Colleague: 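Have a look at the structure that comes next, please.
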Amino acid sequence: MALIFTVLLVGLLEISSCNASPQNVIRMNVNLENERDFIKSPSSHSSKDAAAFAFAKHFQDEMVLQRAPQRANIYGFSPNIGGKLVMTVTDSDSLKSDRYETIITQGSKPGVGVWLFTLNPMATGTTVSVQVQDESKDLVLKLSDVIFGDVWVCSGQSNMEFTVNMMTRAKEELEDAHNYPNIRIFAAALNSSSTPIDDLLGIMEAWSKPSNASLGGKPWGKPWNFFSAVCWLYGKYIHKALGIPIGLVDTNWGGTPVEAWSSPDALAKCNLTSKVVNGPQTNSVLWNAMVHPLLGMTIYGAIWYQGEQDQNHPQVDRYACTFPAMIDDWRAKFHLTSKGETNDVFPFGFVQLSANSPDPSISFGFPNIRWHQTADYGYVPNPRMPKVFMAVAMDLPGFSSKFGSIHPPDKTDVGYRLSLSGLHVAYDKDLVSQGPFPDKIIMSGDRINITYGNVPKVEVRDWSGFELLCAASSSSDQVWLPTSLISNYANTVSVYLNVCLKDQKVAGIRYAWRESPCGFKQCAVYETVNGLPGPQFIAYLTKSSDGMETFKFDGPTQL
């Protein structure tokens with residue numbers, strides 16, 4: 001039965017105030033000899049046609065729209081403000097059609113009208129064609145081979161941007177790509193803007209079915225050729241596990257901080273109002289140009305790989321605020337602009353940074369970011385970051401990577417681990433998705449016994465990674481010193497207690513806080529069922545109500 005559904009698109013912001021991505025931008029602030037300059041890619045679209053009767057640029061043939069129970073949005077632009085549009089959506093199998101109507105409303109810029117349709121909930125795997133027509137029936141927009149599944153946004157900096165062609169086992173991955181025609185990929189071009197804009201300034205890769213050509217590209221090419229390895233592998237593993245179509249929307253830029261991907265509202269939550277201009281590292285410029293145009297689209301979730309650019313002061317000190325605040329803000333604004341179709345607590349996954357150096361003396365920078373990525377809990381989901389999941393990558397360094405140690409080439413394990421966490425958190429699958437986290441830590445004689453919860457056994461491959469906080473009478477006189485394992489039995493490991501000086505006492509214990517000394521081996525403890533490494537943790541010694549000293553931390557209720 002035909003359905004008439006009228007909706008109005010509001011809240012779209014300035015379109016015209018934008019600047020193209022700068023030339024010669026260094027992608028990272030470390031290992032510069034392994035980096036390259038970015039040369040802006042040509043775009044098949046320009047801001048000049050934003051007011052024409054058109055879909056927003058990310059609505060194209062072969063795309064994925066969000067499946068039921070959510071309702072997908074389709075939107076675009078027209079100069080005919082006040083005019084009526086009719087959209088027909090035809091099922092490619094049954095040839096049955098639904099009819100929708102909407103009115104073109106005034107956008108924020110004079111002469112630019114906006115329109116939006118919200119579809120009926122569409123079953124998984126349904127394929128449709130779409131036609132949007134104006135009142136005169138002279139102007140028609142069409143989409144074909146549009147399939148309904150789950151839409152995931154992939155964002156961050158260069159380790160998310162790192163292409164399939166650059167990863168370990170690239171040849172096998174590219175040769176296998178054509179076997180997944182119901183995974184569709186899309187990549188936004190690298191652009192920045194000083195104000196929020198309504199439409200992407202350019203497209204790096206149009207919606208495509210995966211193939212050697214669409215996933216490939218030249219490593220470190222000019223321009224950087226997509227597609228993202230982590231984005232692709234995450235989507236592939238989710239698709240293989242669930243059998244549903246997956247749409248991957250890739251929007252990222254190497255060498256950029258979390259502040260560039262955050263709206264002013266999010267930054268204000270962390271008392272950041274600086275307007276310092278530094279190309280694509282400027283506050284909010286990538287949010288404005290590469291996220292804001294996507295907000296009206298109904299999505300299922302997002303994944304993220306970023307943090308390397310924030311490892312130094314003052315960014316590292318505030319990442320525990322800025323990263324969770326960005327997640328909150330993305331969720332709120334996708335929900336609002338999509339008219340409530342995108343969940344206001346949509347699943348959000350991230351890759352915890354890998355080790356960047358084999359130097360075990362390094363305990364600042366990347367280790368701090370890894371901790372702050374969890375809002376200083378050491379695990380996710382947690383009370384500050386609900387419905388958030390992660391992949392631990394501490395044991396997957398790329399110290400000898402030809403792309404620089406900051407770019408580990410093993411994206412296969414990263415994508416797989418992230419998919420396990422995504423299946424558990426985003427899709428409620430009962431499976432082991434994270435390495436062990438301790439649930440009891442006690443001192444006994446000359447040792448500290450650490451018992452891991454919900455696992456039958458832990459295996460030790462390297463006996464380093466644990467440190468004790470040694471404190472004197474002065475609270476400011478504290479130092480973290482490495483300790484080593486004495487033994488492990490079942491799900492308990494024991495570490496040496498007597499590493500502090502005579503005038504010091506143990507005040508805490510922590511794990512995985514220094515850069516990895518063990519190359520491609522797994523450091524310390526991991527859960528044996530899926531080979532997943534445990535995350536960082538900190539536990540501080542406190543006195544209980546009965547006067548007993550115990551290590552206290554708020555661990556996850558389940559893994």
Side-chain angles (χ1 to χ4, degrees), residues 320 324 348-355 367-396 413-414 416-418 420-426 428-443 448-469 480 483 485 488-495 508-514 516 522-542 550-559:
F348 193 104
F350 67 89
V351 181
Q352 200 174 43
L353 296 191
S354 181
N368 300 77
I369 288 293
R370 282 190 285 271
W371 184 246
H372 294 332
Q373 284 179 299
T374 66
D376 296 355
Y377 279 82
Y379 62 91
V380 290
N382 61 54
R384 176 63 186 87
M385 304 174 78
K387 210 72 174 176
V388 173
F389 57 95
M390 74 174 178
V392 175
M394 179 67 174
D395 61 317
L396 303 173
D413 285 327
V414 167
Y416 176 65
R417 291 177 183 179
L418 196 60
L420 287 177
S421 295
L423 289 168
H424 179 59
V425 173
D428 299 319
K429 299 300 179 183
D430 184 14
L431 48 75
V432 176
S433 62
Q434 183 173 281
F437 198 90
D439 65 358
K440 183 170 63 176
I441 303 176
I442 60 173
M443 290 191 292
I448 298 176
N449 295 323
I450 305 168
T451 301
Y452 290 83
N454 296 332
V455 292
K457 182 180 180 181
V458 294
E459 180 180 334
V460 176
R461 291 193 174 183
D462 188 277
W463 289 41
S464 62
F466 292 94
E467 296 181 311
L468 300 183
L469 179 62
W480 287 99
T483 187
L485 271 68
N488 76 291
Y489 176 76
N491 65 341
T492 299
V493 298
S494 300
V495 302
I509 185 171
R510 69 184 186 184
Y511 165 69
W513 215 267
R514 294 181 184 271
S516 170
Q522 164 62 50
C523 288
V525 181
Y526 85 106
E527 206 283 312
T528 58
V529 175
N530 283 337
L532 301 173
Q536 290 170 300
F537 70 82
I538 298 180
Y540 292 103
L541 194 65
T542 60
T550 59
F551 287 97
K552 175 68 175 176
F553 61 92
D554 295 320
T557 56
Q558 65 177 35
L559 295 177

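Worth saying up front: this structure is predicted, and the values here are computed from it rather than measured.
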Colleague: Please round to the nearest 0.5 Å and tell me the distance separating atom OG1 of T492 and atom CD1 of I442.
Modeller: 8.5 Å

Colleague: Find the distance between OH (Y489) and NZ (K457) and round it off to the nearest 0.5 Å.
Modeller: 10.0 Å

Colleague: Is the side chain of Q373 donor-acceptor paired with the backbone N or O of L353 at a distance under 3.5 Å, no angle test?
Modeller: yes

Colleague: Locate the shortest heavy-atom distance separating V458 from P436; write the atom from each residue and the value.
Modeller: CG1-CG, 3.9 Å

Colleague: Who pairs with P535 by side chain to side chain contact (heavy atoms under 4.5 Å, CB included), at least two apart in sequence or on another chain?
Modeller: M390, V392, Q434, F437

Colleague: Report the distance from atom CD1 of I450 to atom CG of N488, rounding to the nearest 0.5 Å.
Modeller: 11.5 Å

Colleague: From I509 CD1 over to T483 OG1, what is the distance, rounded to the nearest 0.5 angstrom?
Modeller: 7.5 Å

Colleague: Strictly by salt bridge (charged side-chain N to carboxylate O under 4.0 Å, His left out), give each pair with a member in residues 368-382 just once, sequence neighbours left out.
Modeller: R370-E515

Colleague: Mind checking the CH2-CG spacing from W480 to L468? Nearest 0.5 Å is all I need.
Modeller: 8.0 Å

Colleague: With F389, which residues qualify under ring-ring contact (aromatic ring centres under 6.0 Å, His included), at least two apart?
Modeller: none

Colleague: What pairs with E467 under side-chain hydrogen bond (donor to acceptor under 3.5 Å, both in side chains), at least two apart in sequence or on another chain?
Modeller: R510, R514

Colleague: Looking at Y379 and P383, what are the two nearest heavy atoms and their distance?
Modeller: OH-CD, 4.2 Å

Colleague: Which pair of heavy atoms, one from K387 and one from P381, lies closest together, and at what distance?
Modeller: N-CB, 4.0 Å

Colleague: Report yes if the side chains of M443 and I448 come closer than 4.5 Å at any heavy-atom pair, otherwise no.
Modeller: yes

Colleague: Applying side-chain hydrogen bond (donor to acceptor under 3.5 Å, both in side chains), name anything that partners T550, two or more places apart in sequence or on another chain.
Modeller: none

Colleague: List the atom of T374, the atom of N382, and the distance in Å for their closest heavy-atom pair.
Modeller: O-ND2, 3.0 Å

Colleague: Could you state the interatomic distance from CG (D430) to CG (L423), rounded to the nearest 0.5 Å?
Modeller: 12.0 Å

Colleague: For W513, enumerate each residue passing the ring-ring contact (aromatic ring centres under 6.0 Å, His included) test, keeping only those at least two apart in sequence or located in another chain.
Modeller: W371

Colleague: If you compare all heavy atoms of S433 against all heavy atoms of S421, which two are closest, and at what distance to 0.1 Å?
Modeller: O-OG, 3.1 Å

Colleague: Are any non-hydrogen side-chain atoms of M394 and P533 less than 4.5 angstrom apart?
Modeller: no

Colleague: Of all heavy-atom pairs between R417 and L396, which one has the smallest distance, and what is that distance?
Modeller: NH1-CD1, 3.5 Å

Colleague: Checking N449 now: which residues fulfil side-chain hydrogen bond (donor to acceptor under 3.5 Å, both in side chains) with it, not counting sequence neighbours?
Modeller: S494

Colleague: Relative to the ring of F466, is the ring of Y511 parallel (under 30°), tilted (30 to 60°) or perpendicular (over 60°)?
Modeller: tilted

Colleague: Looking at residues at least two apart in the chain, or sitting in another chain, which of them share a side chain to side chain contact (heavy atoms under 4.5 Å, CB included) with K552?
Modeller: T542, D554

